[in-house]
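Data block below; observations after.
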Amino acid sequence: MEDLKLAVLAYIAENPVVESSLDLAKKLNVTHNEIVGALKSLGPDTIQFLNLEQLETKRWELTADGEDYILNGTPEKRLFDTLPAEGVAMKELPKDTITQLGTNYGKVNGFFAIEAGKLKRVSETIVDKDAELLRDVQADKEITEDQSKLLLKRKTIKLAVTKYFKVSKGEKFALTLPKLATDLTHDMIMKGSWATTEFKKYNFNALGKEIELGNLHPLMKVRAQFKDVLLEMGFEEMPTNQYVESAFWNFDTLFQPQSHPARDSHDTFFVKDPASAEIPDKEYWEKVRNAHEKGGYGSIGWRYPWQDEEAKKNILRTHTTAVSAKMLYKLAKDTEKDGEFKPKKYFSIDRVFRNETLDATHLAEFHQVEGLIADRGLGFAHLKTVISVFFKKIGLEKIKFKPAYNPYTEPSAEIFAFHPILNRWVEIGNSGVFRPEMLGPMGLPSDVSVIAWGLSLERPTMINYNIGNIRDLFGHSVSVKEIRSNAICCFQK
Ligand code: PHE
C-alpha cells in the first residue's frame, strides 16, 4: 500500500490531472480497487495530497444471450436458415424457446409471412438486423434510445455503471508520506509537541475488531435464572461443590435400604481410590443403622442387617439430595446447640452422576435443581403451593401431581407440566415430604417437617432453547458457534 501510494504521487507529480482512475490503474498495473484504496487514503478526507472527483460512466454491455446471438445468429435468423422453402404448418412448429422467439421476431422483422396456416420465408436472403445492432454495442458504437429499448426487451444488453475518480493535485500535495501520529501520548502532552503533531484522522466507518470473549453455556444461563427465582422466594444456596460422597449421605441417611436397586453399579459410579469414607459421627451413624434395622419414629424399619462397609463406599453423588441430607443434619446439630429450631429454606443447582446408557435424553452426568423447606406444621398442601409458585415463575403455569414413590419421602409426587409447544404433559420433577425415619435420627424436633422437590436443569433448558438431543446441549459435540450466539435465557412469566 505504501509503495502504491508513492507511485500514485510520483505519477500525479508528472501528470497533475488524471481524468480517470481506471486509466491510472492500468498505467500502474494494479486493480481498480487497489487504486481506489490508495487514492482515498491520499484524498481530501485524509491528508489532502489529492483532490478526487467521483464520476461514473454508463455503457451498454452484452448479456450471455446477446453474445450468443452475435455468435450463432438471432433465433429468427436460425429459424430462417432451417425453414424449408415450402414452409411449415404453424401447428407443427417445435415448441422450444428458440423457435418461438424466432417466429415472433421473424414476423416483426418481416422475415416470414403466414400463408394458409404455414410459416414461410418472404425472401431468399435477409439481414440479421438485431444481430448487427448487437455488434454495434460490442464495438461501443452509439445506439439510439429506441434501439436500446428493443435490445433491453430482448434481454440481450444491460446497463453497466462504472464509478471512478478524476484525480488532481491537492492543497497539501507532497511526494513523501508524512508519519502521522495515531495516538495522543503522555509524552506529547508533557513536551507540548501535540500542538504541532499531525494526527491520523479517525475512521469512524471502519468495522471494529471482533472481540474474543467468554460466553455462557445455556445451562448456566438457565441456572442463573432459576437461582434468581429461588433467591427471590427466600431460599439460601447449599454448598454443593463436592461430587464424591459416601453412600451414607447419598442413600443411608435418606432411609434408602442397602439392597435398593439404585445402589447397583448399573446406576451408581463407585470411586476406587479412596474406596471408602470415614464415619462422620458415630452416634448419628448408629441411629441411622437403628432406623434401617429396627425403625422407630413410628416405623418398623427395613429389618435387615445394615452393613458399615456398604455405607462407607465412596460414590459420585447420584442426586443433590445427599447435600440436602447433610444440611438437615447440620440444621439438627445447630438446633441442639442453640436450643432453638430456626426454619430454613434451602436450594441447590449442581451436577449429579448416574451410570446411564447414553441416548438422546440421557447422559451419565446432569444437573439437578433442588429445593427444601424445613419448618413446623408443613404438609403436602404447602409443598404443592411452593412448587406451583416456583414453576409459575419459570414459565410453567399448568402443573399436575401424580402419586409416586421415593424411599425418603411420604407422600411423594411426580410433577408434570403442560408444555405449550409440545402440547402435552411432560414429567418435570419429583417431590415429597421427608420421612420421619430420615429426620428422626438426625435429631430434628419431631414436629418439624421438611418438604422438598427436585428437577433436572437440562429439561427446561432444552425446552427453552428448543434443543432436541441432550448431546447438543452437553458434551463434546456441542457447537461452540451455538454457545456464542444463543440468546439470554428468558422464561415468560
Ligand atoms: N432426589 C430426587 C431425584 O433424584 C428428587 C427429589 C428431591 C425427590 C427431593 C423428592 C424430594 O429424582
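When a ligand or atom number is given, it counts from 1 through the structure's own listing order. Model, not experiment: these values are computed from the prediction.
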- request: Please identify which atoms of ligand 1 are closer than 4.0 Å to at least one heavy atom of G454.
  value: 6 (C), 7 (C)
query: For atom 3 (C) of ligand 1, what is the nearest protein heavy atom, given as residue, atom name and distance?
result: Q368 NE2, 3.6 Å
Under-4.0 Å salt bridge between R354 and E356: no
query: So is there a nitrogen or oxygen of T321 less than 3.5 Å from a nitrogen or oxygen in ligand 1?
result: yes
- request: Quick one: sort the F251 and H319 rings into parallel, tilted or perpendicular, breaks at 30° and 60°.
  value: tilted
- request: Look at the aromatic rings of H292 and W306 and report parallel, tilted or perpendicular, splitting at 30° and 60°.
  value: tilted
task: Any chance you could lay out the side-chain contact (heavy atoms from CB on, under 4.5 Å) test for L372 and M238, step after step, and finish with the verdict?
output: CA-CA 10 Å; L372 67 87; M238 296 187 269; 4.3 Å; yes
query: About how many Å separate CD1 of I470 and CZ of F366, when rounded to the nearest 0.5 Å?
result: 8.5 Å
- request: Using a 4.0 Å heavy-atom threshold (strictly under), name the region of R354 that reaches ligand 1: side chain, backbone, both or neither.
  value: side chain
query: Does at least one non-hydrogen atom of E414 fall below 4.0 angstrom from an atom of ligand 1?
result: no
task: Could you tell me the residue and atom name of the protein heavy atom closest to atom 2 (C) of ligand 1, and the distance to it rounded to 0.1 Å?
output: Y408 OH, 3.2 Å
- line: Of all protein heavy atoms, the one nearest atom 9 (C) of ligand 1 is A452 CB, 3.7 Å
- prompt: Quick one: which ligand 1 atoms are inside 4.0 Å of a heavy atom on H319?
  reply: 1 (N), 4 (O)
message: If I apply the N/O under 3.5 Å rule, does T318 come out as touching ligand 1?
response: no
- request: In plain terms, say whether D308 and R289 are close enough for a salt bridge, that is, a side-chain N and a carboxylate O under 4.0 Å apart.
  value: yes
task: Can you sort out which atoms of ligand 1 are near W453, meaning under 4.0 Å from one of its heavy atoms?
output: 7 (C), 9 (C)
Ligand 1 N/O within reach of E370 N/O, cut-off under 3.5 Å: no
message: With no hydrogens and no angle check, just 3.5 Å: does a side-chain donor-acceptor pair link H32 and S21?
response: yes
- prompt: In terms of ring plane angle, is the pair F434 and Y408 parallel, tilted or perpendicular, where the classes change at 30° and 60°?
  reply: tilted
field: Residue portion contacting ligand 1 (non-hydrogen atoms closer than 4.0 Å) for S324
entry: neither
